[in-house]
Number of protein chains: 2
Amino acid sequence: MSAGFEVFRDYVTRHTQLSEVDFGTLEAAAKPKKLRKHQYLLQEGDVCRYHCFITKGLLRTYAVDEKGNEHVIRFAMENWWISDRESLLTEQPSKFNIDAIEDSEVLLFDKSTMQMLTDSIPAFAKMVTGVLDKSFITSQTRIHEAISSTAEEKYNTFVQRYPGFALRAPQSMIASYLGIKPETLSRLRNKKH
Amino acid sequence: MSAGFEVFRDYVTRHTQLSEVDFGTLEAAAKPKKLRKHQYLLQEGDVCRYHCFITKGLLRTYAVDEKGNEHVIRFAMENWWISDRESLLTEQPSKFNIDAIEDSEVLLFDKSTMQMLTDSIPAFAKMVTGVLDKSFITSQTRIHEAISSTAEEKYNTFVQRYPGFALRAPQSMIASYLGIKPETLSRLRNKKH
DNA sequence: CCGTAACGATGAGGTATGTCAAGAAAGCAA
DNA sequence: TTGCTTTCTTGACATACCTCATCGTTACGG
């Protein structure tokens, strides 16, 4: 068993209970992939074909606006899923880019494979829906914070909630994620005492 | 069949195919409820017990911060679902309020009933997951806009995407939803030529 | 280990949006 | 209708955050 699948196996075990046969099915379905720092998992304009589970490293989803500014939509690290669900669902070109912030490793599950897995392993289907449910809740929380907090409050909340991202991602990307300029974030960080 | 269920039946028919038996099961499970303008569907501190489908009217989810300011998290009208998924999932007190902006009618499905329905009607389960998936995608889009757009861009996008909300909700609530002050929204609207 | 490039820090000044206050308009109850 | 309340508009001013430019620091490929 690959190191990558071991991480995934632990993750699944933490969320549901599956037979050895089911784990075999999962392992056969997962395509491991390594990504070097700065390498793309998905590029704007391409159709997103995979649900990706991260077994190692740190990735980001970002969009580029007309003026060429990057906007980080989200970060994701070990034990997180990442994809463009909209492109995956509609099979239309993605508006987003996903790339590696660190050297990373992921497991790819293409759309039809995922369908097969959720159809044949109900407990796995339930886990996947549970993940989606939590993702939605997290998004609602972020929206709440985005519309109601100052830059400083957003940053403090971010650091508390995601210390891993705060330590591992460059400040310019964190600023982008928070919807503020890097200079503003720098000042915020340095004004503390 | 009540007028409310008729709306729901049409909605379900648009999204999936169900037998008459299944529709009977749904109708038996749905508790209709009328809400007068300003009436609460959920109050902060209470545990959210229901998935609610709106058959008539307009509701909002909002949070109140320490300073007493209201922040509108979302609007929802006919053919939309509304609830606090976090409270529903965890059975912890909600941080949000949901109330009626207009006289409204909803169908309530409590958590265990919903579980029973999705367990016994796979097509319905699939539809519900599909709705959640779309909700998540919508949230991601809103986050993207929140971090990358000016107040004016946010307002224009909002009007285009949700003309119904733009016409039916008071401006102070729309401003709150966009994360800006009512005065700012008023100026934006009136500066056009 | 060096040189270059990317990143972060900091200053000066600008702009979008917020705050507070007053008045006009619109909704609503009697 | 009338009067009362809530919502919207508008102005003057405050401020959080942005922009642009510069410089120090860190990362990294050769």
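The model shown is predicted, which means the values in this text are computed figures rather than measured ones. Letters go in sequence order (proteins before strands), and every chain restarts at 1.
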>> Between A:Lys33 and A:Glu105, does any NZ, NE, NH1 or NH2 come within less than 4.0 Å of an OD or OE carboxylate oxygen?
In response: no
>> The criterion is side-chain hydrogen bond (donor to acceptor under 3.5 Å, both in side chains); which residues satisfy it with B:Glu20, sequence neighbours excluded?
In response: B:Arg9
>> Distance check needed: C:dT17 C1' versus B:Leu188 CG, whole Å only.
In response: 9 Å
> Within the structure, does a side-chain N or O atom of A:Ser186 lie under 4.0 Å from either OP1 or OP2 of C:dG8?
Replying inline: no
> Can you tell me how far P of C:dG18 sits from CD1 of A:Ile147, to the nearest Å?
Replying inline: 12 Å
> With sequence neighbours left out, what residues match B:Glu145 under side-chain hydrogen bond (donor to acceptor under 3.5 Å, both in side chains)?
Replying inline: B:Arg161
> Mapping B:Leu185 and A:Thr150 onto DNA chain D by nearest heavy atom, which one lands closer to the 5' end?
Replying inline: B:Leu185
> Among side-chain atoms of B:Thr113 and B:Asp110, is any donor-acceptor pair under 3.5 angstrom?
Replying inline: yes
>> Are A:Phe53 and A:Tyr11, when compared by the centres of their aromatic rings, separated by less than 6.0 Å?
In response: yes
>> What is the distance, to the nearest angstrom, from the NZ atom on B:Lys67 to the P atom on C:dG18?
In response: 13 Å
> Mind checking what makes ring pair (Phe, Tyr, Trp, His ring centres under 6.0 Å) contact with A:Phe75, not counting sequence neighbours?
Replying inline: A:Phe165, A:Tyr177
> When the ring centroid of A:Tyr50 is compared with that of A:Trp81, is the distance short of 6.0 Å?
Replying inline: no
> Which whole-number value in Å describes the distance from A:Arg187 CZ to D:dC20 P?
Replying inline: 14 Å
>> Can you measure B:Lys191 atom NZ to D:dT9 atom P for me and round it to whole angstrom units?
In response: 15 Å
> How close or far is atom P of D:dC20 from atom CD of A:Glu183, stated in whole angstroms?
Replying inline: 10 Å
> Mind checking what makes ring pair (Phe, Tyr, Trp, His ring centres under 6.0 Å) contact with B:His71, not counting sequence neighbours?
Replying inline: none
>> Distance check needed: C:dG8 C1' versus A:Arg189 CZ, whole Å only.
In response: 9 Å
> Do A:Arg36 and A:Glu102 meet the salt-bridge criterion of a basic N to acidic O distance under 4.0 Å?
Replying inline: no
> Once you round it to whole Å, what is the distance between P of C:dT17 and OH of B:Tyr155?
Replying inline: 15 Å
> Using a heavy-atom distance cut-off of less than 4.0 Å, which residues of residues 162-182 of chain A contact DNA chain D?
Replying inline: A:Gly179, A:Ile180, A:Lys181
Using a cut-off of under 3.5 Å, enumerate the N/O to N/O pairs linking the protein to nucleotides 23-30 of chain D.
residue : atom : partner : partner atom : Å
D:dC28  : OP1  : A:Lys37 : NZ           : 3.0

